[in-house]
Amino acid sequence: MRHQVISFANQKGGVGKTTTCINLAGALCEKGTTILLVDMDYQSNLTLGVGIFPDEVKKGMGDVMLFGDVSLREIIHTTNIPGADIAPANLDLSKVDINIADRKERQSILHNKLLEVKDNYDYVFIDCPPAFNLLTINALSASDGVLIPIQCYPYSLSGLNTLLEIIDDIRYAYNFDLEIAGIIPTAYDTNTKIASEVLKELHERYGGKVFDSIIKKSVKVAEGPIHQRPMVQYAKSHPVTMAYRELASEFLKREKAA
Ligand SMILES: Nc1ncnc2c1ncn2[C@@H]1O[C@H](COP(=O)(O)OP(=O)(O)OP(=O)(O)O)[C@@H](O)[C@H]1O
Ligand SMILES: [Mg+2]
């Protein structure tokens, strides 16, 4: 296994980070994989998406990041996904950036907190916010790999080079183990020419980093937050669910090939 801790990152908002994290986790857990989900976004969409209401989170990632005496172990909940636990978030996570900015070890808080729990799971999936803030830096500093969801729309590729440069910067500054685990095309609209052009360009620029599995655009995907569970549970045989299962198989294959 090449990457045990994986961040879902892209500074662009609404590109499918959280949706990919939940549905890939759902499809992997269906195959017997165990995963710790970590919500590093104060929007708390990952937390909500696996069955926990952020308002009901008493201690969450905000406390873990702010207070030395709060461990990850004590905030971990079970989820609606058998095989996946979550370190949930609520709005308190929004206080972290400003409060840790002056700390000497501000970029390695999550890395250090993960040490005592990560080996209890096959993978740790970290959902990043749509920003290059200290939460994202903590996530990337704690990760072995980054998965980058890309929606196949015009301008989707414009920020990708910047993201890859920042990942390089973090690799050299804090975490030499950090690799690109893959780029995942999502929300692919078969009815538009532009989507196929964007996909072609993605392959030309980034080659083998791009997953062959493609997640098509579907309203069924957007229903996720209502069901608070992954598609493998609420739309068992939908074509996009099958695509998430293929993505999970490809992910495991890529992870096996060191
Ligand atoms: N394949 C898809 N088909 C249709 N809608 C999708 C698809 N994937 C994601 N969406 C929808 O796109 C929106 C953004 O997705 P998501 O919340 O996963 O993005 P994000 O990158 O996590 O956003 P943020 O940057 O705000 O955290 C959501 O409403 C989601 O339901
Ligand atoms: Mg999100």
Side-chain angles (χ1 to χ4, degrees), residues 6-27 37-52 54 60-61 79 81 86-91 93-94 96-97 125-133 135-140 143 146-160 162-163 166 182-192 194-196 198-199 202 210-211 213-235 238-248:
I6 295 180
S7 280
F8 289 69
N10 193 327
Q11 77 279 17
K12 267 192 198 288
V15 296
K17 294 179 286 295
T18 309
T19 306
T20 310
C21 184
I22 293 170
N23 286 299
L24 177 59
L37 301 166
V38 178
D39 196 345
M40 285 294 269
D41 185 0
Y42 67 78
Q43 297 180 97
S44 314
N45 294 338
L46 178 66
T47 300
L48 186 71
V50 296
I52 294 165
M61 282 309 299
T79 69
I81 310 175
I86 187 166
N90 59 24
L91 257 181
L93 197 54
S94 61
V96 170
D97 228 68
F125 281 2
I126 307 172
D127 188 29
C128 292
F132 286 128
N133 57 20
L135 296 174
T136 302
I137 292 172
N138 263 272
L140 294 175
S143 294
V146 193
L147 281 173
I148 305 170
I150 289 278
Q151 291 202 337
C152 296
Y153 294 145
Y155 307 120
S156 288
L157 301 187
S158 61
L160 190 50
T162 312
L163 174 62
I166 286 178
I183 297 171
I184 302 175
T186 67
Y188 186 82
D189 189 346
T190 39
N191 296 318
T192 65
I194 192 79
S196 64
V198 171
L199 187 63
L202 205 53
V210 184
F211 272 71
S213 314
I214 292 165
I215 306 301
K216 288 190 183 153
K217 189 173 178 171
S218 160
V219 285
K220 209 65 191 165
V221 181
E223 274 179 21
I226 302 167
H227 299 283
Q228 294 192 280
R229 50 189 76 242
M231 284 188 78
V232 290
Q233 290 180 32
Y234 73 79
H238 189 276
V240 177
T241 309
M242 302 310 280
Y244 278 118
R245 290 197 181 102
E246 269 174 40
L247 181 70

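Whatever order the structure lists them in is the order used to number ligands and atoms, beginning at 1.
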### Task
Report the distance from atom CG of Asn23 to atom OG1 of Thr241, rounding to the nearest 0.5 Å.
7.5 Å
### Query
Under 4.0 angstrom from ligand 1, any heavy atom of Thr186?
no
### Query
Which protein heavy atom lies closest to atom 31 (O) of ligand 1, and at what distance to 0.1 Å?
Ala222 CA, 3.2 Å
### Query
Relative to the heavy atoms of Gly13, which atoms of ligand 1 are at a distance of less than 4.0 Å?
25 (O)
### Query
Which is closest to atom 19 (O) of ligand 1 in terms of heavy atoms, Cys128, Gly16, Pro185?
Gly16
### Task
Considering non-hydrogen atoms only, spot the tightest contact between Pro149 and Lys17 and give its length.
CG-CA, 3.6 Å
### Query
Which atoms of ligand 1 have any heavy atom of Ile215 under 4.0 Å away?
1 (N)
#### Entry: the Mg ion (ligand 2) contact by Asn45, N, O or S atom under 2.8 Å
no
### Message
Quick test: of every protein heavy atom, which one is nearest to atom 24 (P) of ligand 1, and how far off is it to 0.1 Å?
### Response
Gly14 N, 3.5 Å
### Spacing of OG1 belonging to Thr18 relative to CG belonging to Asp127, to within rounding of 0.5 Å
3.5 Å
### Query
Taking all atoms of both residues into account, what is the closest heavy-atom pair of Tyr188 and Cys152, and its distance?
CD1-SG, 3.7 Å
### Message
Counting non-hydrogen protein atoms only, what is the nearest one to atom 1 (N) of ligand 1? Give residue, atom name and distance.
### Response
Lys216 O, 3.0 Å
### Query
If you count the atoms of ligand 1 from 1 in the order shown, which ones are under 4.0 Å from a heavy atom of Thr19?
8 (N), 9 (C), 15 (O), 16 (P), 18 (O), 30 (C)
### Query
Mind checking whether Val15 has an N or O less than 3.5 Å away from an N or O of ligand 1?
yes
### Message
Going by a strict under-4.0 Å cutoff (protein heavy atoms only), does atom 14 (C) of ligand 1 have a neighbour on the protein?
### Response
yes
### Query
By number and element, which atoms of ligand 1 are closer than 4.0 Å to a non-hydrogen atom of Pro130?
25 (O)
### Message
Can you tell me if Phe211 has over 12 outside heavy atoms packed within less than 6.0 Å of its CZ?
### Response
yes
### Message
Strictly less than 4.0 Å: does any protein heavy-atom distance to atom 11 (C) of ligand 1 fall in that range?
### Response
no
### Task
Output, in order, the C-alpha distance, side-chain angles, deciding distance and verdict of side-chain contact (heavy atoms from CB on, under 4.5 Å) for Leu46 and Ile22.
CA-CA 7 Å; Leu46 178 66; Ile22 293 170; 3.5 Å; yes
### Task
Mind checking the CG-OG1 spacing from Leu147 to Thr20? Nearest 0.5 Å is all I need.
8.5 Å
### Query
Does the N or O separation between Thr18 and ligand 1 drop below 3.5 Å for any pair?
yes
### Distance in Å, Met61 CE paired with Asp41 CG, rounded so as to fall on 0.5 Å steps
12.0 Å
### Query
Quick one: which ligand 1 atoms are inside 4.0 Å of a heavy atom on Asp41?
27 (O)
### Query
Which heavy atom of the protein is the closest neighbour of atom 4 (C) of ligand 1, given with residue, atom name and distance?
Ser218 O, 3.1 Å
### Message
List ligand 1 atoms under 4.0 Å from Gln43, heavy atoms only on the residue side.
### Response
24 (P), 26 (O), 27 (O)
### Task
Give, for atom CG of Asn138 and atom OG of Ser7, the distance between the pair rounded to the nearest 0.5 Å.
10.0 Å
### Query
Identify the closest protein heavy atom to atom 8 (N) of ligand 1: which residue and atom is it, and at what distance?
Val221 CG1, 3.7 Å
### Nearest-contact summary for atom 20 (P) of ligand 1 - protein heavy atom, Å
Lys17 N, 3.5 Å
### Message
Quick one, Ser156 and Val15 - any side-chain contact, counting heavy atoms below 4.5 Å?
### Response
no
### Task
Search all heavy atoms of Ala9 against all heavy atoms of Leu163 and return the closest pair with its distance.
O-CD2, 3.8 Å
### Atom pair OG/CG of Ser44 and Asn90 - distance to nearest 0.5 Å
6.0 Å
